[in-house]
Amino acid sequence: MIAVDLRHDFGRFALDVRFAAPGGVTALFGPSGAGKSSVVAAMAGLLRPDAGRIVVDGAVLSDRASGAWVAVERRRLGLVFQDARLFPHMTVAGNLRYGLRRAPAGPITWEVVVDLLGLAGLLERRPHSLSGGERQRVAIGRALLSQPRLLLLDEPLASLDAARKAEILPYLLRLKTALALPMIYVTHALEEVFFLADTLVLLEAGRVLACGGVAELSSRGDLPLAVRDDAAAVLDAEIAEHHPARRLSLLRAGGMVLWVPLLTGAPGSHVRVRIPAREIILATEAPRAISLHNVVPGMVRAIHEDAGRHAALVEIDAGGATLLARVTPDAVARLALVVGGPVLALIKSMAVDVRPVA
Amino acid sequence: MLDFLTPDEWDAVALTLGVAARAVLFGLPLAVLTALVLARGRFFGRAGLDALVHLPMVLPPGVVGWLLLLLFGVRGPVGALLRDWFGVRLVFTTTGAALACGVMAFPLMVRAVRLSLEGVDRGLEQAARSLGAGPVDRFFSVTLPLAAPGVVVGAIVGFAACLGEFGAVITFAANIPGQTQTLPLAIYAALQMPNGEAVAARLSLVSIGLALAGLLAADWLGRRLRARVGQ
């Protein structure tokens, strides 16, 4: 359990942030300058906020009211920076040992970290000979071996190109699955939130716009997420059955079923599904003779105008799951869509992005 | 090779090396501490301390030697304490010569170390901190190793400066063969004697050789250490 309440005046910009996260991976998401890194700095103890209180797993790390303050080196929070910050005068093994030697005995072992992050082949190398992605893996391993009660990742992938990001993300997912370690993950890439996060804290201009489950927040049409090009509904679903002959799998999310290309997970296992808003077609009659698999009946819950894009965002309740569809205002008029009225959401199987969850 | 110099002249060379070594051995840790305070400290009087450290570089060496006499002379405030408590006398002794050399070389050592310390990425110290390293631990495990090129260069440059120090040594420690007569003093003394040119020339050659070796060593070691810390 993580509880953050902090206020700080930077002069040009004031931070006033309050959120609680249940554990798991909490993403701090927002545009540059929203105050994400300042929140991490305050949690790490690198910034002393003007007011507020930070509690991690029952330990009060700072509380301006009572004057409590734990020094950075005694907070036991694993910090991973955007620029890996490996010690250049040590080998990879030396870097990993640095945290381990200074930490109390803990559950995270050398073998587990080396294995999870694929570091075995790098141990004798020096940081300057590593690629950006390798450096970041070592930095994460170093932080893990310091036996932290919480891992703070401050845009760990921001300085990497797309290929390197794709290389690191599966490692982070493995960490999440293998170690029951809460993480605060700062990012401005929605893709990473979808991939990793359980809880989402939306920050803007030093304030919390919303805090809640990733699925819950990404389906809300009134948040800035919905006006992004990559706006998408995120659903937590379960694999219902596989149809190997048709090379399809059936997912169930609430009362909604979705056909997607064949998956590998066992039936009953949980997955996270992302359906981009601009990939959904709306209809009022079921089409026939079409390649489409998913014709999902639902009810229009809200219609948000997006004047800048000459588009409308339609929020649809499909058996308890929320879908977002971005269509033209003209389509809304032609179909005579009204709030509370029925609608069919047509979803290409190939447009559905499915990720395993821990 | 050995008969290139007379035994007396070898004594002067050995004495010079010993004096310089002692000056650097005691001066360098102090220089690192001073450089750290100057590079990192934010306190009232920092500019004053900076100026004080640099004074020996700009003052006539004779003035430094005289000030040392005032301070460390047997009747001086520090000298009297040293004599009463430890029975140590600095004036006219080899240790005194080392002190004079050390004070003259101090600003050079501080400058080299400070430059290097200012180049250390504070982000790495933050990383060390987040991994549980306290201030002293951080300094010895991260800051100092990363500043090592500057510390080594400072030591060698300081050592070389000690080999050549004249004014402060002769003022404070006098020109006593076998005790305070370092190479520059020996060369000066030789030139005062009739037919002393040959002696002066040989000792000068030795001086040139030592200075060159020092500069080359500083360059080589500096490069090696920089490569080691990945710069």
Side-chain angles (χ1 to χ4, degrees), chain A residues 37 40-41 43-47 61 70-92 94-106 125-130 135-136 138-154, chain B residues 28-29 32 35-36 39-43 112-156 217-231:
Chain A
S37 293
V40 166
M43 292 186 75
L46 298 169
L47 164 74
L61 299 181
V70 180
V72 179
E73 56 267 35
R74 280 190 290 276
R75 290 202 174 193
R76 300 199 27 239
L77 303 180
L79 212 53
V80 178
F81 305 88
Q82 183 178 330
D83 48 340
R85 300 198 186 172
L86 299 181
F87 303 126
H89 58 300
M90 298 178 193
T91 59
V92 167
N95 270 279
L96 292 176
R97 266 196 302 271
Y98 195 92
L100 187 64
R101 280 210 185 123
R102 288 161 176 81
R125 305 258 300 269
R126 293 225 165 226
H128 58 84
S129 75
L130 302 177
R135 267 180 225 171
Q136 214 48 287
V138 176
I140 294 166
R142 183 178 69 175
L144 286 174
L145 284 170
S146 70
Q147 312 293 344
R149 40 185 155 209
L150 168 73
L151 201 57
L152 289 170
L153 301 119
D154 189 1
Chain B
L28 193 65
V32 170
L36 192 69
R40 297 288 169 81
R42 295 280 167 273
F43 57 93
V113 176
R114 181 177 172 179
L115 209 66
S116 202
L117 278 177
E118 283 170 346
V120 172
D121 179 0
R122 303 299 296 268
L124 293 173
E125 291 171 7
Q126 276 185 358
R129 223 179 153 192
S130 77
L131 292 165
V136 177
D137 183 1
R138 276 202 301 278
F139 176 74
F140 284 106
S141 62
V142 175
T143 315
L144 194 58
L146 291 177
V151 176
V152 168
V153 168
I156 293 176
D219 181 63
W220 179 77
L221 261 172
R223 258 185 296 137
R224 249 186 78 112
L225 281 167
R226 273 193 295 277
R228 225 184 115 75
V229 298
Q231 285 168 4

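Scope of the values below: all heavy atoms of this structure, side chains included, with no hydrogens, waters or symmetry mates. Throughout, protein chains are lettered first and strands after them, A, B, ... in sequence-line order, and every chain is numbered starting at 1.
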Open item on the list: Applying side chain to side chain contact (heavy atoms under 4.5 Å, CB included) to A:L151 and A:L144, what does each step give before you reach the verdict?
Closed with: CA-CA 7 Å; A:L151 201 57; A:L144 286 174; 3.9 Å; yes
Open item on the list: Under 4.0 Å between a side-chain nitrogen and a carboxylate oxygen: does that hold for B:E118 and B:R114?
Closed with: yes
TODO: Under 4.5 Å, counting heavy-atom pairs only, tell me which of A:L77, A:D83, A:L46 racks up the most with chain B.
DONE: A:L46
Open item on the list: Between A:R74 and chain B, with a heavy-atom cut-off of 4.5 Å, which part of the residue counts as in contact: side chain, backbone, both or neither?
Closed with: neither
Task: Atom group of B:A148 that falls short of 4.5 Å from chain A, counting heavy atoms - done: neither
TODO: Give a yes or no answer on whether the side chain of A:Q136 reaches the backbone of A:F81 with a donor-acceptor pair at less than 3.5 Å.
DONE: yes
Task: From CD (A:E73) to CD (B:Q126), nearest 0.5 Å - done: 11.5 Å
- [ ] Among B:A128, B:P145, B:G134, single out the residue with the greatest number of heavy-atom pairs under 4.5 Å to chain A.
- [x] B:A128
Task: Contact class of A:L152 relative to chain B, heavy atoms under 4.5 angstrom - done: neither
Task: A:R142 to A:F87, cation-pi by 6.0 Å centre distance and 45° axis angle - done: yes
